[in-house]
Structure formats: structure tokens, C-alpha cells
Engineer: 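There's a structure below that I have some questions on.
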Amino acid sequence: MLDSILEFIKTFLILFFELLVLFIIISFVVSLIQQVVSEEKIRRVLNGPNKGINYVLGTLFGAITPFCSCSTIPILASLLNAKAPFGPSMSFLIASPLMNPVMIFTLWILLGWQVAGVYFLIVSLFSMLVGVIFSRLNLEEAYKGVTIKGEGFFADKQGSKVKQALNDAWSFLYPLLPYLFIGVFIGAFIYGFVPEAFVTRYASGDGIISIVIASVIGIPMYIRPETMLPIADALVTKGMAMGTVIALIIGGAGASIPELALLSKLFKKKFLVAFISAILTVAIGAGLIFNLII
């Protein structure tokens, strides 16, 4: 018992401070990028002559921009109101909560660069594909044309860029500390106290049924990636199938209840149905691919 307690404390301290430093560094770098990239620049780039490239750029902009749906949705509204192309804007919407730098680098630190690389590639491809499909389905007609008020992700900032980046890093990290603490605590607890045989017996299924269940329950659970990723690392270590964990992460981060509530202000119901279906497809597809190749 004493060994388990010591292992729990050791794992908690190492993981918590490792992720704390990672969050600060990545948030600082992303803030510097954000001070250079504006909504107008994104809109102008997405309106380029090569439609195929526009979907790639929409996905990449999503990967380097907001960390949560609360920031993503107002930007999406601004882009659509400024007549940015609908398809690439949808790629931006899918990619933004699922591919932010903190998530990718945390996956890298916890589960290895192979997992992070495969995850980035799979979600990128699905984001572009969803953008194309939504455009072909003329879902742009479901847009209500409203504006969500808010300070916005690209609000004008004065003063030193480095000082502003430090302020942004802290502003991003501070509200996430409770989620990070909870996630690391649960992950360390699993490491120290949950027998590997238990996880292997009850939660190691790698079939499509396990992946579908994980994708579906991820949406109402809304476990923030900052909380889920340390838990995912512990579950994988104990024997849970990688694909099942990835499906749970994508379901929760990609179509959370808060995000759906915000999207309902912008779009009609048929868009919400299509959006949820797309996220579930991404989660299930990614989970199956991971179980095949990882």
C-alpha cells in the first residue's frame, strides 16, 4: 500500500509540473503567432483561387488558433459574416478544438510522437473532408447570419508582444488549472492504485462497439482535453485500447454541449445534426484507424 501511495505522489508531481511547463511554453508561442495573424488575413487567405488549398489552410488555421469552442464560434461567425468560403470555414471549425497546439504537444509528451503524428494527420484529413462534404450539402443555407458578441480571439492588443504573450499564457492557463489538477490526479490514481488486470478485463475492448460507445458518451460527458489526456495516458498504460481512448477524446472535445449550444445560435437544426454526425464519424473512424496501426 505504501508503495502505491509513493508511486501516486511521484507520478502526480512529475506529470503535473511537466504539463504545467508545456502549457505555458505552448501558450506563449501561440500568442505570439496570434498577434501576427488577424481575422482579415484568414478571410483573405481562405478566399484564394485554389479551392483545394483553401481547405488545407482552413484546417491549419484551426490548428493554430483558439483552444476551446468559446473562442472558435465567435471567430467562425466573423468569418462567415465577412463572406469567407463556407467549406474551408467548416474545416476550421472541426480542426480548432481537436488540433490545438496544447493537445498535440500533450499527446506527444504523454503518448509519444507517433501517436501525436497519426492523430494530427487523421484529424487533418477528416477536417478537410468534412468541409468539402458540408459545402456540397449546401449547409451554408442553414446559417442564420447572426453575430456572437465577445472580445474575440484576435482583439487588438497594445504594448510589448512578449509581455502580451506572457499575459495571454497566464490568462489561458489560470482557468485551466483545476481541470489540469483533476486530470493529473485521476491519472496518477489510476497509475498507482488501479490494477492493470482490472482495466484489461473491463475496458480493453478494441472492437467497433467499444469505439462507438466511447464516441457517443464523450459528447455529454464533455471531459476537457486538459483533463482527459492525463487520464488517457494512464488508461492506455493499464491496457485500454488506444483507439477507444482517442474516440472518447474526439467525441468530448469535438462536439461538447457548450459548443453545440453556441452553434445553435448560428445555425438551424439540420446543421447541428450534420455537425454531430460528422464528429461521431471522425471519432469512430480515428478510433478504428488507431487500433489498426498503433
Side-chain angles (χ1 to χ4, degrees), residues 1-32 66-68 70 97-120 162-163 165-204 214 218 221-253 256 290 294:
M1 184 63 177
L2 180 60
D3 290 341
S4 295
I5 294 175
L6 292 175
E7 182 66 23
F8 165 78
I9 295 174
K10 176 184 176 181
T11 301
F12 176 84
L13 292 176
I14 292 176
L15 194 56
F16 183 80
F17 286 105
E18 189 176 68
L19 293 181
L20 194 66
V21 172
L22 175 67
F23 275 38
I24 292 174
I25 293 174
I26 298 302
S27 302
F28 176 82
V29 173
V30 170
S31 177
L32 291 176
F67 297 101
C68 68
C70 297
L98 295 178
M99 295 172 60
N100 70 70
V102 169
M103 175 178 280
I104 298 300
F105 278 93
T106 303
L107 280 172
W108 188 330
I109 294 297
L110 295 179
L111 299 176
W113 66 267
Q114 297 97 332
V115 172
V118 172
Y119 177 90
F120 186 90
V162 172
K163 183 178 179 180
L166 289 173
N167 290 335
D168 287 346
W170 172 248
S171 297
F172 168 65
L173 177 64
Y174 180 73
L176 292 182
L177 282 175
Y179 300 101
L180 181 62
F181 182 91
I182 293 171
V184 174
F185 183 90
I186 296 174
F189 182 86
I190 294 172
Y191 271 118
F193 295 100
V194 177
E196 184 174 328
F198 177 85
V199 177
T200 303
R201 180 177 180 182
Y202 294 103
S204 62
M221 283 176 65
Y222 184 42
I223 301 177
R224 293 181 66 105
E226 295 81 12
T227 303
M228 185 58 204
L229 289 174
I231 300 174
D233 177 38
L235 290 173
V236 170
T237 300
K238 291 292 183 175
M240 179 176 281
M242 181 72 73
T244 304
V245 173
I246 293 296
L248 181 64
I249 293 172
I250 293 177
S256 65
F290 261 93
I294 297 293

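Only heavy atoms go into these numbers, but all of them, side chains included; no hydrogens, no water, no symmetry mates.
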Engineer: Taking side-chain contact (heavy atoms from CB on, under 4.5 Å) as the definition, give me every residue that meets it alongside Val118, ordered by chain and number, with sequence neighbours left out.
Structural biologist: Ile122, Phe290, Ile293, Ile294
Engineer: List in chain and number order the residues that pass ring-ring contact (aromatic ring centres under 6.0 Å, His included) with Phe16, two or more places apart in sequence or in another chain; answer none if no residue qualifies.
Structural biologist: Phe12
Engineer: Which heavy-atom pair separates Leu111 from Val115 by the least distance, and what is that distance?
Structural biologist: O-CG2, 3.4 Å
Engineer: If you compare all heavy atoms of Ala116 against all heavy atoms of Ile104, which two are closest, and at what distance to 0.1 Å?
Structural biologist: CB-O, 3.7 Å
Engineer: Ile9: what forms a side-chain contact (heavy atoms from CB on, under 4.5 Å) with it, not counting sequence neighbours?
Structural biologist: Ile5, Leu13
Engineer: Check for a donor-acceptor pair, side chain of Tyr119 on one end and backbone N or O of Trp108 on the other, with a separation under 3.5 Å.
Structural biologist: no
Engineer: Would you give the length of the straight line joining atom CE of Met99 to atom CG of Leu107, rounded to the nearest 0.5 angstrom?
Structural biologist: 11.5 Å
